[in-house]
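Following: one structure in structure tokens, then a few remarks.
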Amino acid sequence: MPTELPTTEAQGWDATLRTAIATHAKAATGVPFGPGDVVLSAPKQAGHGDLATNAAMMLAKRAGKAPREVAQAIVDGITEELGDRLSGAEIAGPGFINLTLSGTFLREALGIVGAAGRSWGGGGARQTERINVEFVSANPTGPMHVGHARNAAYGDALSRILEFHGHVVDREFYVNDFGSQVKNLGASILARATGAEVPEGGYQGAYVQEIADGIPGAADQSVEALSDLGVEAMLARTQGTLAGFGVRFDRFFSERSLHAGEPSALDSALEILRSNGELELEDEAWWLRTEKRGDDKDRVVVRSDGAPTYYASDLAYMRDKLDRGYDRQMLVLGADHHGYIGRMRAAFEAFGGDPDRLELLIMQLVKLVEGGVEVKMSKRSGQFVTVEDLVDEIGVDASRWFLLQRSHDTAVELDLELARKASSENPVYYVQYAHARACSVLEKVSAQALSVATALSGGDAGAVTGLAVTVEDAERALTLKLGELPEVVAQSAARRAPHRIATYALELAQVFTAFYRDCQIAGAEGDGVEAWRAALTAATRDALATTLGLLGVTAPERMERRDEDGPEAEAA
RNA sequence: GCGCCCGUAGCUCAGUGGAUAGAGCGCCUGCCUCCGGAGCAGGAAGUCGGAGGUUCGAAUCCUCCCGGGCGCGCCA
């Protein structure tokens, strides 16, 4: 069961504001309202202040009062309470309250943000859960293609985000090393080794020949032996590909292992269902009655010839994870697996699990385009774009960014030609460049300013709150953007949406670049100004590194200086 | 036929109840004696697929329709 986390105050850069709003909103309306219920958002329009809240509109109806009247009461209350931390509070439109924060407030905010260093934005989970994330699980009968790359990038980033948010995650890869497809691989290898025709339903790809060539005396071996060796070779290649893609797994779980032993794990799982009265014999086959639990139809688990189905393996694997005591199971599946949701949820319930603790996350397709023409993928013909191909074309960082920047439930189009040609102008380079620039600037600031920035990153919030500096507009915007990170991480984790991190990283890089343009950092004049800006730069550097890290994209301290002989010139 | 996902700017896509709907790319106009110009500022460009409904307020929630993608085996 989930365990309570100690409550931390570190995340609350806006806690005083939330508390004040909640207190006075409750006083004005009598409706129960806490700091966590306050919605603070960044107004889209300039002139609407730093933050806006719709608290008055949310509560007015329930209190039977006019929204603007409630808003006025809140404004009066917080203006009094917050004093010089607030430099403006105005009521607008139907009852919005637009707030402008003072320099004092912003310096305190940066103190809280910056002192957290690389942990800023993390640890916000209310309860820690032990989560098993199963992803990729590509069949060991062929190379990983672009769809697997999206699955890998997503599952890995999701795992990182959940961990950063405060959960404990096990990453798992289910190896389908059992059944007819494995025999087909063996038969295909034998055919290639002997120069015979690849059998019906076999694998045609050039990689089969490569495997055959890598097995001494392959032509004289049995299909069974070649199946084992083929799976071994493909799994090794897949693991190498994943490592190269920056994806780590805690466990590769063998389907075959579920069939080993007496009784096997599969036997045991089916026995549990049988004794629970969940299995029924009909037409000499054993059925799991999933339809009564919302599935389209009932499912066969043991065929009339006595052989278990693939679904039976899934059940045994699910049972194994249940026995390992996870609070939650997540499965990242391809678009063609959405039909599994019903049967998997039904099975989870049949085992006595709470269906809310099983999540099937369906990845939509990656449509590969080359110069405006779709690149077809087909395992049968053996023509597909592998993960290795993709990485060769645009690199790991750009691959991961492109695959992660969109929601997992929307089909994305990836134009190889465009990605290749635009590689020097990708958003990912823009974000990485901002990080490198922050690092570079910090090498140029005075020793005194650097010591303030370093003290802040090291946890000393007071290093910056005491600086008597005026906060410029660009500094204000950057501080507020940094303040958003915990909420972004929380939303990204809650919605299983890594792309929100990518969107935020790009925004943060843009706001930082604007700050860099408007505010001279190194050698800035004025008492404490250089130190203040160095501290802001260091906090931004940390936040950029954090967000890139969550996506599995590197955050280089310096990048190749682009010049006339750069990638663009070469590509031409 | 049934089920799941999607439909937002020229293109690729953010935005799941708030104010005048955004970003990247592409296009147009400016800006390099300056901490890294892989940049910056400004501009053109949208009936948020359509029609109803709920709401003080809808791209967002509900219903129906249209269009696209993917599934629907005692295969794996």
Side-chain angles (χ1 to χ4, degrees), chain A residues 39 41 43-45 48 52 54 57-58 60-61 66-67 92-96 98 139 141 176 178-182 184 201 255 282-287 295-297 299-311 313-314 334-342 360 362-365 367 369 372 402 405-415 418 422-434 436-445 495 497 499-500 502-503 506-507 510 513-514 516-524 530 533 537 558-563 566-568:
Chain A
V39 178
S41 57
K44 291 166 187 163
Q45 285 300 310
H48 286 174
N54 60 357
M57 287 183 288
M58 286 175 70
K61 194 187 337 187
F96 290 102
N98 294 328
N139 284 339
T141 53
N176 299 118
F178 187 87
S180 60
Q181 56 177 353
V182 173
N184 281 339
E255 179 185 1
E282 181 186 322
D283 297 337
E284 299 182 5
W286 285 95
W287 296 71
D295 194 12
D296 297 339
K297 59 191 83 166
R299 306 289 172 178
V300 170
V301 291
V302 180
R303 288 186 280 262
S304 50
D305 65 1
T309 61
Y310 179 80
Y311 180 49
S313 294
D314 283 343
D336 54 345
H337 282 64
H338 68 252
Y340 281 37
I341 295 176
L360 293 105
I362 305 299
M363 305 298 299
Q364 292 303 318
L365 297 181
K367 182 180 176 185
V369 173
F402 267 89
Q405 67 176 338
R406 308 303 185 197
S407 168
H408 70 278
D409 58 17
T410 188
V412 297
E413 187 171 302
L414 180 51
D415 191 323
L418 194 68
S423 66
S424 61
E425 290 156 23
N426 276 338
V428 63
Y429 289 100
Y430 181 87
V431 178
Q432 289 180 316
Y433 187 78
R437 171 180 275 158
C439 294
S440 171
V441 168
L442 286 171
E443 289 175 3
K444 293 205 161 55
V445 300
R495 295 174 190 274
H499 74 280
R500 286 177 179 244
T503 300
L506 187 57
E507 290 169 358
Q510 286 170 332
T513 303
Y516 169 83
R517 177 193 70 238
D518 293 343
C519 301
Q520 179 74 26
I521 302 162
E530 185 182 22
R533 290 178 179 171
T537 301
R558 49 177 52 81
M559 298 179 73
E560 288 294 313
R561 190 178 288 266
R562 183 179 142 190
D563 53 34
E568 281 192 335

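A note on names: the letters A, B, ... follow the listed sequences, proteins ahead of strands, and every chain is numbered from 1.
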Compute whether any side-chain donor of one residue and acceptor of the other, for Q181(A) and N176(A), lie under 3.5 angstrom apart. no
Measuring only the [atom1] atom in each nucleotide, how far is [N] from [M]? A whole number of Å is fine.
N	M	atom1	result
rG39(B)	rA21(B)	P	28 Å
rA23(B)	rG43(B)	P	11 Å
rC65(B)	rC74(B)	C1'	39 Å
rG1(B)	rG57(B)	C1'	40 Å
rG15(B)	rC61(B)	P	12 Å

Given a 3.5 Å cut-off on both pairing distances, which stems involving RNA chain B, each at least three consecutive Watson-Crick or G-U pairs, are present, if any? B:1-7 with B:66-72, B:10-13 with B:22-25, B:27-31 with B:39-43, B:49-53 with B:61-65
Between [X] and [N], is there a side-chain N or O to OP1/OP2 distance below 4.0 Å?
X	N	result
T410(A)	rC13(B)	no
R437(A)	rG37(B)	yes
R500(A)	rU16(B)	yes
Y516(A)	rG37(B)	yes
R303(A)	rA76(B)	yes
Y433(A)	rA38(B)	yes

Assign [X] to base, sugar-phosphate, or nothing according to its heavy-atom contacts below 4.0 angstrom with the strands shown.
X	result
A514(A)	nothing
S313(A)	nothing
V39(A)	nothing
F178(A)	sugar-phosphate
Q510(A)	sugar-phosphate
T513(A)	sugar-phosphate
L418(A)	nothing
D283(A)	base
C439(A)	nothing

Would you mind telling me which of [options] lies closest to the side-chain atoms of [X]?
X	options	answer
M559(A)	rC13(B), rA38(B), rC35(B)	rA38(B)
K444(A)	rG18(B), rA23(B), rG36(B)	rG36(B)
Y429(A)	rA38(B), rC13(B), rC35(B)	rA38(B)
H499(A)	rG24(B), rA14(B), rA19(B)	rA14(B)
A52(A)	rA19(B), rA23(B), rA38(B)	rA19(B)

Is it the case that over 12 heavy atoms from other parts of the model lie below 6.0 angstrom from the CD atom of E282(A)? yes
Would you tabulate the pairs of protein nitrogen or oxygen atoms and nucleotide nitrogen or oxygen atoms of nucleotides 68-72 of chain B closer than 3.5 angstrom?
unit_1  : atom_1 : unit_2  : atom_2 : d
rC70(B) : O2'    : A335(A) : O      : 3.3
rC70(B) : O2     : H338(A) : NE2    : 3.3
rC72(B) : O2'    : K297(A) : NZ     : 2.8

Quick one: does any side-chain atom of R533(A) pair with a main-chain N or O of A524(A) as donor and acceptor, under 3.5 Å? no
S304(A) side chain to A285(A) backbone, donor-acceptor under 3.5 Å: no
Going by 5.5 Å between centroids and 30° between planes, is there a stack of Y430(A) over rA38(B)? no
Would you mind calling rC11(B) syn or anti? Take O4'-C1'-N9-C4 for purines or O4'-C1'-N1-C2 for pyrimidines, and syn is within 90° of 0. anti
